[in-house]
Amino acid sequence: MYTDMMKQFNDQAQRMTQPMTRLNELAVESIERLAEFQLATLQSYSEMGVQQLKAATQIQDLEGMQKYAAGQVEAVKTVSKKVADDAKVLAEMGASFKTELEKMAQESQSAVAAAVKPATKKAPSKAA
């Protein structure tokens, strides 16, 4: 008898904590992906900056200055495109996280509704 009660208690506890466990796993995965994205982005922007600094140190005359200035226009285009691409990736990551959260919420709501329905049928009706 007590074994059955403990088993039921353990089963209920597991069902109650499962959504939070899944939510925590999703959060950790999202944080990990975001951190990887940020590190890759930081490395990419750092490399672009270092390239520009190296190019600036190569200027030795007016012609070199003109080439550097022309290269700056291209560098600005490259950075602008990268910023737009990175913003798009970040927005997609956020949308993916939101979709997964909504899916989890719907599944949890369905599970609660399914669990409550049998429990309400078993409950004794009150006689007035």
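Since the model is a prediction, treat every value here as computed from it, not as a measurement.
With a 4.5 Å cut-off between side-chain heavy atoms of Ile, Leu, Val, Met, Phe, Trp and Tyr, the cluster of Ile59 takes in Met65, Tyr68. When hydrophobic side chains of Ile, Leu, Val, Met, Phe, Trp and Tyr are connected at separations under 4.5 Å, Leu39 ends up as a singleton with no cluster partners. Grouping Ile, Leu, Val, Met, Phe, Trp and Tyr by side-chain contacts under 4.5 Å, direct or through others, leaves Val76 on its own.
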Using atom types as modelled, flag every donor-acceptor pair under 3.5 Å from a side chain in residues 93-101 to any protein atom, sequence neighbours excluded.
{"residue": "Lys98", "atom": "NZ", "partner": "Glu102", "partner atom": "OE2", "Å": "2.8"}
{"residue": "Thr99", "atom": "OG1", "partner": "Ala95", "partner atom": "O", "Å": "2.9"}

Expected list for residues 27-36: side-chain donor-acceptor pairs under 3.5 angstrom, two or more places apart:
{"residue": "Ser30", "atom": "OG", "partner": "Leu26", "partner atom": "O", "Å": "3.0"}

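Evaluation of the side-chain contact (heavy atoms from CB on, under 4.5 Å) rule for Met48 yields Ser44, Tyr45, Thr78, Val79, Lys82 as partners, not counting sequence neighbours. Here Glu63 pairs with Lys67 under the salt bridge (Lys or Arg N to Asp or Glu O under 4.0 Å) rule; sequence neighbours left out. With sequence neighbours excluded, the residues satisfying side-chain contact (heavy atoms from CB on, under 4.5 Å) with Gln109 are Gln106. Every residue was checked against the side-chain hydrogen bond (donor to acceptor under 3.5 Å, both in side chains) condition with Lys54, not counting sequence neighbours, and none meets it. For Gln66, the side-chain contact (heavy atoms from CB on, under 4.5 Å) criterion is met by Leu62, not counting sequence neighbours. Scanning for side-chain hydrogen bond (donor to acceptor under 3.5 Å, both in side chains) contacts around Gln43 gives Glu47, with sequence neighbours left out. Residues forming a side-chain contact (heavy atoms from CB on, under 4.5 Å) with Lys77 (at least two apart in sequence, or on another chain): Val73, Glu74.
For the atom pair Gln18 CD and Leu23 CG, the distance stands at 12.5 Å (nearest 0.5 Å).
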